[in-house]
Number of protein chains: 2
Amino acid sequence: MAEEELELDRRDWIAGLEKGLRIIEAFNDAHPRLTPSTAARRTGITRTAARRYLLTLQHLGYVDSDGTHFWLTPRILRLGWSYFDSAKVPRAVQPFLQRISIELGGSAFFAVLDEDEVVFVARNGVGRVQSLGFVLGARIAANLASAGIVLLACKPPEEVERWLTGRKFIPYTPHSYTSVEDVRAVIDKARTNGYSILEQQLEQDRRGIAVPVRTRAGVVVGSISVSLPIGNETSQQALTRALPVLREAEHALLSLL
Amino acid sequence: MAEEELELDRRDWIAGLEKGLRIIEAFNDAHPRLTPSTAARRTGITRTAARRYLLTLQHLGYVDSDGTHFWLTPRILRLGWSYFDSAKVPRAVQPFLQRISIELGGSAFFAVLDEDEVVFVARNGVGRVQSLGFVLGARIAANLASAGIVLLACKPPEEVERWLTGRKFIPYTPHSYTSVEDVRAVIDKARTNGYSILEQQLEQDRRGIAVPVRTRAGVVVGSISVSLPIGNETSQQALTRALPVLREAEHALLSLL
DNA sequence: GCTTATAGCGCGATAATCGCGCACCCAACA
DNA sequence: TGTTGGGTGCGCGATTATCGCGCTATAAGC
């Protein structure tokens, strides 16, 4: 799951695929439309090559173009769809998230780690309004969500230490932790507790509570978390009412994994 | 937007990229884990090559493997994310969808066409429970949703006719249209009306109402739709209360596109 | 009207991708 | 236990697909 680093037989390496995916990921908020030149600069590929990749993607329908500028089409979503379609855990977990969000009156998530980030792969919200921009597949720095902290806490401490060293934390709220010490303390606390609670790290007046989800064999497959408005509730009160519900879902899930 | 068919200079065609994407899309519900052999069979690539692509994807972190079987990782979602990140329209419509869903008491969608399918790229639901499995990027046959019908109705009739000919429609409910004539009639009606209403095609006791969204220049960029429980409401009643709200959003959007 | 930066394209070189064919392994079954 | 069938990993030689240089044309900015 982690050690594919060295075993690249340059025979088994398809350069074109890697470059193409890099081109796709070069599109983002700040660069919604790319020309061959800009794409080349953003990916380190030569301009001529970048153009060929864009043309190929266009021919496949993944990007569209007005001749000089290229942009992604919704066809791209088919790729992510392949994941949702094939990953059984996110689907198995849905009914549990639903129960959690109704019972606790917040949004419930199932999340996994991907490198430095926590990715939310299933979600069930409650209330009239969807929090804007929160779509499946959303990812944020792992230290900003309880789900990320608890997943980090499940990793071997030395790996966490490696993760922490030299990392910069950009604050999202006035309460966001910005020092390595603070984040390490939160992770350590989560490790001893077996759950994680995080307050106002990403958003004001919101707290998150998360527990890890393991298979029978003890392998961590992700985390279940809930995001609650803080209001007048103390951390202790929130924990007392939320933890049992999360734990129950965790145990019920065991039989499905 | 449609005529990239013939202009493939085999010089500008990266075969490796196309094959790699085909490998990714070979994963789905029925085939969540693939071996080199099964991947090869599903894609038409040779086994040796398929293996190389899988190994490359593994090295990039997009798939994981236990040695023989391969499966997608959430990293794949970064690709779809590039789209959501870069596509401005889905984000621009969010607040409007929110208002629609609150005012009408249903789920509001923004959707676009991709070949035969309608893809839901933005959504805002109301109510305690999320309709299960409805995630962004979801796609269904265009004829099954009002959003798809209205988008088809915006295409030139001869193109629609080409789309219709020889198509098989699989019913999802006892009310689903299954004949070319029925579907053509629905599309024609949508074209003359400028909106589309569809009842119980995908789900019992649900109706959808959709209007197209155009830029000032008149180019159709997608559709706004709402899904409502039927209950005791007649089609006419639903239209009278829903259409003005949808139209209002449509016009408000004009200034943003 | 000069400068700067981009686009598209042709070409020759080469390195990357191909798929055959072999050896091996495991599971089912006679 | 031996045989069959399907799977895997790997090495190799052939070839062709991919590369990026360098050219000209064009569009934008001062």
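In what follows, every chain begins at residue 1, and chains take the letters A, B, ... in the order their sequences are listed.
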Atom pair distance, as rounded to whole Å: CG in A:L54 and C1' in C:dG8: 14 Å
5'-most contact on DNA chain C: A:I14 or B:T48, nearest heavy atom basis? A:I14
Fit a plane to each ring of A:W163 and A:F169, take the angle between them on a 0 to 90° scale, and name the class: parallel (under 30°), tilted (30 to 60°) or perpendicular (over 60°). tilted
Under 3.5 Å donor-acceptor pair, B:R51 side-chain atoms to C:dG19 base atoms: no
Figure out the CG/C1' separation between A:D66 and C:dG8, and round it to whole Å. 15 Å
Within this structure, what is the CD-to-P distance between B:Q58 and D:dG9, rounded to whole angstrom? 10 Å
For A:W13 and D:dT18, what is the distance between atoms CH2 and C1' respectively, to the nearest whole Å? 16 Å
Looking at every strand, decide which applies to B:T46 at a 4.0 Å heavy-atom threshold: base, sugar-phosphate, or nothing. sugar-phosphate
Expressed in angstrom and rounded to an integer, what is the separation of B:D12 atom CG from C:dG8 atom P? 10 Å
For the CG atom of A:L55 and the CZ atom of A:F70, what is their distance to the nearest 0.5 Å? 5.0 Å
Please test B:E25 against B:R22 for salt bridge (charged side-chain N to carboxylate O under 4.0 Å, His left out), starting from the C-alpha separation and ending with a verdict. CA-CA 5 Å; B:E25 292 193 358; B:R22 243 174 40 222; over 6 Å; no
Should B:R47 be listed as having a side-chain N or O under 4.0 Å from OP1 or OP2 of C:dC18? no
State whether B:R184 and B:E161 are salt-bridged, where the test is any N-O pair (Lys NZ or Arg NE/NH1/NH2 against Asp/Glu carboxylate O) under 4.0 Å. yes
Taking atom C1' of C:dC18 as reference, at what distance in whole Å does atom CG of A:L17 sit? 16 Å
Contact nearer the 5' end of DNA chain C, comparing A:R52 with A:T38: A:T38
Rounded off to whole Å, could you give me the CG-to-P distance for the A:L55 and D:dA17 pair? 17 Å
Is A:R33 paired with A:D66 through a side-chain N to carboxylate O contact shorter than 4.0 Å? yes
Taking NE2 from B:H69 and P from D:dG9, how many angstroms apart are they, rounded to a whole number? 11 Å
Is any side-chain N or O of B:K19 closer than 4.0 Å to OP1 or OP2 of C:dC18? yes
Phosphate OP1/OP2 of D:dA17 contacted by A:Y53 side-chain N/O (<4.0 Å): no
